[in-house]
Number of protein chains: 2
Amino acid sequence: MKMSGGVEWALHCCVALSEAGAPVTAAKLAELHDVSQSYLAKQLQLLSRAGLVRSTLGQSGGYVLTRAANEITVLDVVEAIDGVQPAFRCTEVRQRGPMAVPPERCDTPCPIARAMDSADRAWRESLRAVTIADLIADVNRTTPPEILAGAREWLGA
Amino acid sequence: MKMSGGVEWALHCCVALSEAGAPVTAAKLAELHDVSQSYLAKQLQLLSRAGLVRSTLGQSGGYVLTRAANEITVLDVVEAIDGVQPAFRCTEVRQRGPMAVPPERCDTPCPIARAMDSADRAWRESLRAVTIADLIADVNRTTPPEILAGAREWLGA
DNA sequence: CTTGACTCGGATAACTCTTGTCCGAATAGA
DNA sequence: TCTATTCGGACAAGAGTTATCCGAGTCAAG
């Protein structure tokens with residue numbers, strides 16, 4: 001089981017966008033994080049489709065967050081990039097084979113699927129409890145101030 | 001993000017093995033669940049490597065659980081098949097690009113990684129709380145008795 | 001108003017990982 | 001001793017992710 005690597009980039013971009021305030025181009029975000037520009041554009045498109053960022057075209061264009069940082073959860077970003085489908089998908093094994101249970105007797109979900117869904121809900125609930133604003137607060141607390149100031153200036157330039 | 005489909009099969013196999021008591025061959029398990037025999041063998045190998053099942057060779061051989069059903073958690077099976085690595089892997093983006101944070105200043109983990117790890121722990125904790133015995137109890141409660149009896153007899157035959 | 005350059009967006013290949021299959025080594029019973 | 005049956009690891013095919021490019025649209029300046 002592996003989450004799309006783009007999730008990490010997208011979260012870093014959300015943090016940067018919130019700190020910048022003004023529109024930032026995909027090229028600048030890619031350079032700041034030293035990642036593939038073309039591929040990062042794809043992740044930003046996904047964020048745009050999900051309505052988390054708004055893109056501005058033309059000169060002095062770029063991406064801006066559509067909501068305040070404390071109104072965007074980590075789960076929002078994860079679902080925008082990685083999709084909303086749970087990692088486990090029940091294939092109804094009990095309805096197959098020589099001892100198959102007839103479909104009309106399967107009103108309750110398979111116990112295995114139930115356990116997986118419960119775990120999936122716990123996972124999502126944990127991600128929903130953290131917002132971009134929380135991440136920013138942690139970043140501001142743990143990174144050297146001079147680097148923070150430099151990054152803010154670099155983003156604006 | 002997608003979990004290996006073999007996890008579902010492996011869990012069904014553990015339930016079946018616990019109900020059987022005697023060794024069951026991979027071929028019988030595959031026929032019971034109507035899945036690819038060759039591929040199911042791969043999953044059973046992984047369970048064997050993890051020490052959850054013991055294989056017996058030769059005639060009248062097969063697989064048996066090494067522990068009681070209430071001593072095997074769903075998490076044990078998931079980690080045996082899908083691996084123990086978390087879905088999210090931090091690539092230390094903060095240490096890259098023009099505003100890179102020097103490694104010696106990165107004693108605390110990245111806030112993004114921390115949020116992901118917390119969610120991952122919640123997920124695993126939820127899976128650890130459910131045992132194969134719990135699954136069996138649910139199965140016995142929700143499936144028609146005649147099918148249960150038939151399956152037990154079919155496994156023994 | 002015209003021009004120009006810069007932006008994002010979707011369609012297009014390369015690659016990695018999962019899925020699926022096969023045959024050989026080892027074993028228990030006759 | 002022999003035979004039938006078992007599991008185990010090595011071997012291809014497919015799907016999904018990763019990475020890239022070029023065109024449509026837009027804003028700003030001249």
Side-chain angles (χ1 to χ4, degrees), chain A residues 1-10 13 17 20 22-31 33-66 78 80-89 91 93, chain B residues 1-10 13 17 20 22-31 33-66 78 80-83 85-89 91 93 157:
Chain A
M1 186 169 54
K2 193 159 100 357
M3 180 183 304
S4 168
V7 171
E8 184 181 14
W9 301 1
C13 284
L17 287 178
V24 184
T25 68
K28 268 188 109 62
L29 288 170
E31 189 186 352
H33 299 123
D34 188 26
V35 297
S36 159
Q37 171 181 347
S38 310
Y39 188 41
L40 181 65
K42 197 178 193 55
Q43 321 301 337
L44 291 169
Q45 282 175 37
L46 291 172
L47 290 181
S48 179
R49 282 190 198 170
L52 297 177
V53 302
R54 175 66 62 184
S55 64
T56 314
L57 251 57
Q59 279 187 343
S60 75
Y63 288 96
V64 190
L65 294 181
T66 58
V78 169
I81 303 295
D82 215 52
V84 296
Q85 290 189 5
F88 179 87
R89 195 170 61 87
T91 61
V93 171
Chain B
M1 186 167 58
K2 194 159 102 344
M3 182 183 302
S4 168
V7 171
E8 184 180 14
W9 301 0
C13 284
L17 286 178
V24 183
T25 68
K28 270 189 107 61
L29 288 170
E31 187 186 353
H33 298 122
D34 187 27
V35 297
S36 158
Q37 171 180 348
S38 311
Y39 189 40
L40 182 65
K42 198 179 193 59
Q43 321 301 336
L44 291 169
Q45 281 176 38
L46 291 172
L47 290 180
S48 179
R49 283 190 197 171
L52 297 177
V53 302
R54 175 66 62 185
S55 65
T56 315
L57 250 57
Q59 282 185 342
S60 75
Y63 289 97
V64 191
L65 293 181
T66 57
V78 169
I81 303 295
D82 214 52
Q85 291 189 4
F88 180 86
R89 195 171 60 88
T91 61
V93 171

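Everything numeric here is computed off the predicted structure, so don't read it as measured data. Chain naming here is simple, since letters A, B, ... match the order of the sequence lines and numbering starts at 1 in each.
Residue A:Thr56 places no side-chain N or O under 4.0 Å from the OP1 or OP2 atom of C:dC8. Phosphate proximity of D:dT5 to B:Thr25: absent, as no side-chain N or O sits under 4.0 Å from OP1 or OP2. Between B:Gln37 and C:dT21, a side-chain N or O to OP1/OP2 separation shorter than 4.0 Å is absent. Between A:Ser4 and D:dT18 there is a side-chain polar atom (N or O) within less than 4.0 angstrom of OP1 or OP2. Distances shorter than 4.0 Å separate some side-chain N or O of B:Arg49 from OP1 or OP2 on D:dG9.
A straight line from CG of A:Leu46 to P of D:dG16 spans 16 Å, rounded to a whole angstrom. Across the protein-nucleic acid pair, A:Leu40 atom CG and D:dC21 atom P stand 15 Å apart, rounded to whole Å. In this structure, CD of B:Gln45 is placed 15 Å from P of C:dT21, rounded to the nearest angstrom. Following rounding to the nearest Å, B:Gln59 (CD) and D:dT5 (C1') show an atom-to-atom distance of 6 Å. Computed from coordinates, the B:Tyr39 OH to C:dC22 C1' distance equals 15 Å when rounded to whole Å. Regarding B:Ile81, its CD1 atom lies at a distance of 10 Å from the P atom of C:dT19, rounded to whole Å. The CE atom of A:Met1 sits 17 Å away from the P atom of D:dG16 (whole-angstrom rounding). If you measure from atom NZ of A:Lys42 to atom P of C:dC15, you get 18 Å, rounded to the nearest angstrom.
The backbone N or O of A:Leu52 lies less than 3.5 Å from a partner atom in the side chain of A:Thr66, making a donor-acceptor pair.
Counting only heavy atoms from C-beta on, B:Lys2 has its side chain closest to C:dT18 among C:dG10, C:dC8, C:dT18. If you check D:dA19, D:dT26, C:dT21 against the side chain of A:Leu57, the one that comes closest is D:dT26. Among the nucleotides D:dT20, C:dT21, D:dC7, the one closest to the side chain of A:Ser38 is D:dT20.
Residue B:Gly62 is in sugar-phosphate contact alone, with no base atom involved, counting any heavy-atom pair closer than 4.0 Å across all strands shown. Residue contacts for B:Ala27: at a heavy-atom cut-off of 4.0 Å it reaches no nucleic acid atom on any strand shown. Residue A:Gly5 is in sugar-phosphate contact alone, with no base atom involved, counting any heavy-atom pair closer than 4.0 Å across all strands shown.
Shown here for A:Val53 and A:Leu65, the closest heavy-atom pair between the two residues is CG1-CD2, 3.8 Å. Shown here for B:Tyr63 and B:Leu17, the closest heavy-atom pair between the two residues is O-CD2, 3.3 Å. Residue A:Ala26 comes nearest to A:Leu40 through the heavy atom pair O-CD2, 4.0 Å, listed as atom of the first residue, atom of the second, then distance.
One finds the CE atom of B:Met1 at 13.0 Å from the CD1 atom of A:Ile81 (value rounded to the nearest 0.5 Å).
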